[in-house]
Amino acid sequence: MADTVEKELIAYDSMKDQVEREVFTFLDRAGLGVDDYPLPKVSFEKGATMISFPLPALTDAMLAMFIILIKSQLENIRIHSFGDGYYAFQALNRNLFKADNILDNIKIEFFGLTTNFRADISKKGNLSQDEINLAIEIYKSAVSTGRGDPAQRLKKLGASVYDDNGNIDWGYIAGYEEVKRQIRESIILPLQNPGVYDEIAKLTRKTYESNRPRAILFEGSPGVGKTTVARIISGEVKSPMVYVPIESIMSKWYGQSSQNLAQIFEAADEMGGAIIFLDEIDALAPSREQNMFEATRRVLSVLLRKLDGLDSASSTLTIGATNRMMDLDHALISRFDQTIHFPLPNAKERAAIFGNYAMHLGEEELAEISEMCDGLSGRTIKDICEFAERRWARMLIVKDLPPSQPDFKYYRHSVKQWTEKKV
């Protein structure tokens with residue numbers, strides 16, 4: 001036997017009983033049953049002990065936590081493998097210069113790239129008490145971290161969860177009447193009346209499948225209100241919006257980006273219904289006709305499965321947003337039930353947007369500065385109004401005057417500066 005441990009070894013039956021008893025007690029106190037999270041599988045075959053159990057996920061943070069646990073219980077370890085969905089740690093002998101029978105020592109392995117995450121703890125012969133404790137703590141930590149509040153898990157993954165979207169409504173978006181009509185018909189009505197759509201599908205299809213939208217693509221220039229509209233939809237249907245910026249998914253670790261994306265979909269589904277908003281989806285899943293890294297290909301593969309019928313999140317609607325639709329993979333575009341184009345606002349809509357941020361201006365004044373802003377987005381118009389307000393505030397402070405509404409000339413001057421790119 002390797003000389004890693006000179007500590008007393010625990011008989012297999014006693015070890016098995018201890019693991020199962022402590023794990024069952026932990027699950028019971030956490031309000032979880034074996035249906036929520038299976039007990040570890042403990043076995044002794046061909047002279048080796050094996051403890052195996054599924055993991056809810058395998059994130060960078062979870063892996064770092066496992067490494068800390070391993071270091072706390074094992075004196076000397078080496079990294080056997082690290083990457084591509086397989087991470088393995090091998091205990092060394094007490095005498096680091098002696099390599100005899102090193103493979104008989106305890107080995108901890110973590111598997112899983114996008115799904116089917118698992119931990120295997122194995123050793124030739126029986127385990128010491130420290131090694132038993134390590135197996136139990138890895139199990140407990142995996143359950144506590146992975147099976148917690150899905151909203152908290154989403155935040156740890158870098159996503160933002162908005163569940164107060166009732167604070168903004170369609171009055172926040174000036175113009176865009178055709179866009180609003182399409183959204184009400186293709187998104188809001190199905191989400192508010194799922195039973196009607198389901199019954200129609202049952203009456204028309206030989207094999208029932210839902211006819212409600214699973215994924216919608218918002219296409220348009222930056223600043224035209226795609227994210228804001230998604231929040232309005234969330235408020236109307238009373239479902240939280242999960243905002244997913246690209247940087248929260250992409251990781252320097254090979255295979256981790258696709259895992260992050262899969263976990264975001266799984267956590268959103270556990271919330272009992274959510275709207276996943278994937279911003280700048282063209283950067284997340286570019287066309288395979290371009291030169292694509294293998295890691296990006298894996299991300300695209302996960303996304304296609306999640307938007308498709310077989311591996312889709314059953315209670316979520318996915319909204320993708322892009323201003324570079326020509327860069328999207330054709331297979332991904334085909335997964336979206338509908339594409340809604342957000343055009344740049346016309347003159348009348350620009351005037352209405354100015355009216356939202358400068359309500360004291362008259363119609364003629366709004367029309368005048370609107371004509372000066374051809375080709376600008378709603379977000380840029382908001383920025384122009386904020387710039388005018390800041391300039392007005394500085395003037396009031398310098399002259400020691402009370403707060404008041406900015407003069408029209410400040411807005412006109414801000415527009416001129418902006419359009420001349422002097423701001």
Side-chain angles (χ1 to χ4, degrees), residues 159-180 183 218-236 240-241 243-247 277 279-280 319 321-323 340-423:
S160 299
V161 180
Y162 296 93
D163 53 9
D164 60 347
N165 296 314
N167 295 332
I168 58 175
D169 55 26
W170 289 114
Y172 195 81
I173 300 290
Y176 287 101
E177 296 307 319
E178 177 58 22
V179 170
K180 294 176 183 177
I183 288 171
F218 286 178
E219 186 270 326
S221 302
V224 292
K226 300 186 290 291
T227 305
T228 302
V229 166
R231 292 191 62 184
I232 293 172
I233 295 170
S234 170
E236 290 240 335
M241 186 184 93
Y243 177 82
V244 185
I246 297 305
E247 59 269 19
F277 187 80
D279 201 7
E280 298 180 355
I319 297 177
T322 181
N323 64 322
I340 297 178
H341 175 65
F342 285 65
L344 288 168
N346 58 33
K348 183 178 179 180
E349 290 168 339
R350 293 195 298 272
I353 295 170
F354 270 114
N356 276 357
Y357 298 107
M359 62 182 183
H360 57 289
L361 298 183
E363 290 186 8
E364 291 184 1
E365 293 171 327
L366 293 174
E368 180 180 337
I369 54 177
S370 169
E371 290 294 336
M372 300 169 62
C373 294
D374 185 34
L376 298 186
S377 68
R379 182 192 300 164
T380 302
I381 291 173
K382 178 183 178 182
D383 291 341
I384 289 172
C385 291
E386 289 179 347
F387 181 69
E389 291 169 0
R390 289 193 293 269
R391 291 181 59 245
W392 181 253
R394 287 197 296 269
M395 184 275 295
L396 295 179
I397 293 170
V398 170
K399 296 186 177 182
D400 195 24
L401 297 174
S404 60
Q405 296 167 323
D407 286 340
F408 170 63
K409 64 181 181 181
Y410 274 73
Y411 291 98
R412 185 170 52 195
H413 184 258
S414 295
V415 170
K416 289 183 65 176
Q417 283 194 306
W418 200 281
T419 54
E420 293 171 2
K421 299 181 179 180
K422 292 182 179 180
V423 176

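It should be emphasised that the depicted structure is a prediction, and the values quoted were computed from it without experimental measurement.
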Check your understanding: Should I369 and L361 count as side-chain neighbours, where that means a heavy-atom distance under 4.5 Å?
Key -> yes
Check your understanding: Are D383 and W418 side-chain neighbours, meaning at least one heavy-atom pair lies under 4.5 Å?
Key -> yes
Please find the pair of heavy atoms, one from [X] and one from [Y], that lie closest to each other, and give the distance.
X: G375; Y: L344; result: O-CD1, 3.6 Å
X: N323; Y: S221; result: CB-CA, 4.1 Å
X: I384; Y: C373; result: CD1-SG, 4.4 Å
X: S234; Y: P240; result: OG-C, 3.6 Å
X: K180; Y: W170; result: NZ-O, 3.5 Å
X: P245; Y: A159; result: CD-CA, 4.5 Å

Revision key, fill the gap. By side chain to side chain donor-acceptor pair (under 3.5 Å), S370 pairs with (sequence neighbours left out) none
**Study point:** All pairs passing salt bridge (charged side-chain N to carboxylate O under 4.0 Å, His left out) where residues 359-381 contributes a residue, at least two apart
**Key:** R350-D374, E368-R412
Revision key, fill the gap. Those residues at least two apart in sequence (or on a different chain) that pass ring pair (Phe, Tyr, Trp, His ring centres under 6.0 Å) with F354 are none
Exercise for review: List the steps, then state whether side-chain contact (heavy atoms from CB on, under 4.5 Å) holds for F342 with V229.
Suggested key: CA-CA 10 Å; F342 285 65; V229 166; 3.7 Å; yes
Practice item. Test side-chain contact (heavy atoms from CB on, under 4.5 Å) on Y162 and F277 and set out the steps. Key: CA-CA 11 Å; Y162 296 93; F277 187 80; over 6 Å; no
Practice item. Assert yes or no for the condition that the ring centre distance of H413 to F387 is strictly below 6.0 Å. Key: no
So how far is it from [X] [atom1] to [Y] [atom2], rounded to the nearest 0.5 Å?
X: S160; Y: M241; atom1: OG; atom2: CE; value: 8.0 Å
X: I233; Y: I183; atom1: CD1; atom2: CD1; value: 4.5 Å
X: E386; Y: S414; atom1: CD; atom2: OG; value: 11.0 Å
X: E280; Y: T322; atom1: CD; atom2: OG1; value: 8.5 Å
X: M359; Y: L366; atom1: CE; atom2: CG; value: 12.0 Å
X: Y357; Y: E389; atom1: OH; atom2: CD; value: 10.5 Å

Check your understanding: Only one of T380, I381, L376 clears side-chain contact (heavy atoms from CB on, under 4.5 Å) with I353; which?
Key -> I381
May I have the list of side-chain donor-acceptor pairs in residues 172-179 shorter than 3.5 Å, sequence neighbours left out?
{"residue": "Y176", "atom": "OH", "partner": "P343", "partner atom": "O", "Å": "2.7"}
{"residue": "E178", "atom": "OE1", "partner": "R181", "partner atom": "NE", "Å": "3.1"}
{"residue": "E178", "atom": "OE2", "partner": "R181", "partner atom": "NE", "Å": "3.4"}
{"residue": "E178", "atom": "OE2", "partner": "R181", "partner atom": "NH2", "Å": "2.5"}
{"residue": "E178", "atom": "OE2", "partner": "Q182", "partner atom": "NE2", "Å": "3.3"}

**Study point:** Listed partners of K348 passing salt bridge (charged side-chain N to carboxylate O under 4.0 Å, His left out), at least two apart
**Key:** none
Side-chain donor-acceptor pairs under 3.5 Å in residues 392-409, sequence neighbours left out?
{"residue": "W392", "atom": "NE1", "partner": "S404", "partner atom": "O", "Å": "2.9"}
{"residue": "W392", "atom": "NE1", "partner": "S404", "partner atom": "OG", "Å": "3.4"}

